[in-house]
Amino acid sequence: MSAVDIAAVKEYLMDLQDRICAALEAADGSACFREDSWDREGGGGGRTRVMESGGVIEKGGVNFSHVFGDKLPGSATAHRPELAGRTFQAMGVSLVIHPHNPYVPTSHANVRFLWRRKKVKNRCGGSVAVLT
């Protein structure tokens, strides 16, 4: 399997968040997003962006997160025990948009990237990390 360029994925997803926010601000015409950056104790963090009381959008959020750790959480391995003990990175952009107009539907979307790897023994007795 070819190597995954985590930095390129992160750059793409953060740019996607920027482009979505810019397009929504332009479409709304009066409100702007406020940003709150956060850190995850176990590794990683993200950017939460919220728009409120706009001309078109009553409330909306467009969020980016990048979290990682030494082992997948139990919720990720409950139905797939073979994944236990693997390191992971997860990234994504998620959005929820509530317009003022009751005839315009609320929008919800997610783009996610999940990367995990395990250590395996090589033929000489050492261990190497492989993507799975």
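No more than 12 heavy atoms of other residues, nucleotides or ligands lie within 6.0 Å of OH in Y12, so this atom counts as exposed by the packing criterion. Annotation: H79, atom NE2; neighbour count of heavy atoms from other residues, nucleotides and ligands within 6.0 Å does not exceed 12. Heavy-atom contacts from other residues, nucleotides or ligands closer than 6.0 Å to CG of N101 number more than 12. Around atom CD of E35, more than 12 heavy atoms belonging to other residues, nucleotides or ligands sit under 6.0 Å away.
For the side chain to side chain donor-acceptor pair (under 3.5 Å) with Q89, the lone residue among R116, H66, R117 that qualifies is H66.
Between I97 and T106, every side-chain heavy-atom pair lies at or beyond the 4.5 Å cut-off. In this structure, the side chains of N110 and S94 come closer than 4.5 Å at one or more pairs of heavy atoms. Within the 4.5 Å cutoff, the side chain of L16 has no heavy atoms near those of the F64 side chain. Within the 4.5 Å cutoff, the side chain of T87 has no heavy atoms near those of the F68 side chain.
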Item checked: Verdict with supporting geometry, R112 and M91, side-chain contact (heavy atoms from CB on, under 4.5 Å) -> CA-CA 6 Å; R112 297 184 178 141; M91 285 183 251; over 6 Å; no
Note to self: Please evaluate residues D15 and K10 with respect to the criterion salt bridge (Lys or Arg N to Asp or Glu O under 4.0 Å), reporting the C-alpha separation (whole Å), side-chain torsions for both, the decisive distance (0.1 Å), and the verdict.
What the structure shows: CA-CA 8 Å; D15 180 64; K10 184 173 183 175; over 6 Å; no
Next item on the list: List the steps and the verdict of side-chain contact (heavy atoms from CB on, under 4.5 Å) for M14 and R47.
Entry: CA-CA 9 Å; M14 291 179 80; R47 305 185 304 194; 3.5 Å; yes
Check: Does the salt bridge (Lys or Arg N to Asp or Glu O under 4.0 Å) test come out yes or no for D18 and R49, once each step is laid out?
Finding: CA-CA 10 Å; D18 292 341; R49 292 186 179 165; 2.9 Å; yes
Next item on the list: Test L24 against V62 for side-chain contact (heavy atoms from CB on, under 4.5 Å), laying out the working first.
Entry: CA-CA 10 Å; L24 289 169; V62 181; 3.9 Å; yes
Check: side-chain contact (heavy atoms from CB on, under 4.5 Å) between L95 and N63: does it pass, once the steps are laid out?
Finding: CA-CA 6 Å; L95 66 88; N63 306 310; over 6 Å; no
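Across F33 and G60, no two heavy atoms sit closer than the pair CE2-O, 3.9 Å. When all heavy atoms are compared, the tightest approach of G54 to A31 is CA-CB, 3.5 Å. Scanning both residues, F88 and V67, for their nearest heavy atoms gives CE1-O, 4.0 Å. Closest non-hydrogen pair, G92 versus L13, comes out as N-CD1, 3.9 Å. In plain terms, the two heavy atoms of A90 and L114 that are nearest each other are CB-CD1, 4.0 Å.
Residues W38 and V96 fall into different hydrophobic clusters, defined by Ile, Leu, Val, Met, Phe, Trp and Tyr side chains chained together at heavy-atom separations under 4.5 Å. A continuous path of hydrophobic side-chain contacts links F113 to V111 [ILVMFWY only; heavy atoms under 4.5 Å].
Taking OG of S53 as the start and NZ of K59 as the end, the distance is 9.0 Å to the nearest 0.5 Å.
In this model, a donor atom of one side chain and an acceptor atom of the other lie less than 3.5 Å apart for D28 and S30.
The closest donor-acceptor contact from the side chain of R80 to the backbone of L83 lies at 3.5 Å or more, if one exists at all. Checked by atom type and distance alone, the side chain of E58 never pairs as donor or acceptor with a backbone atom of E52 at under 3.5 Å.
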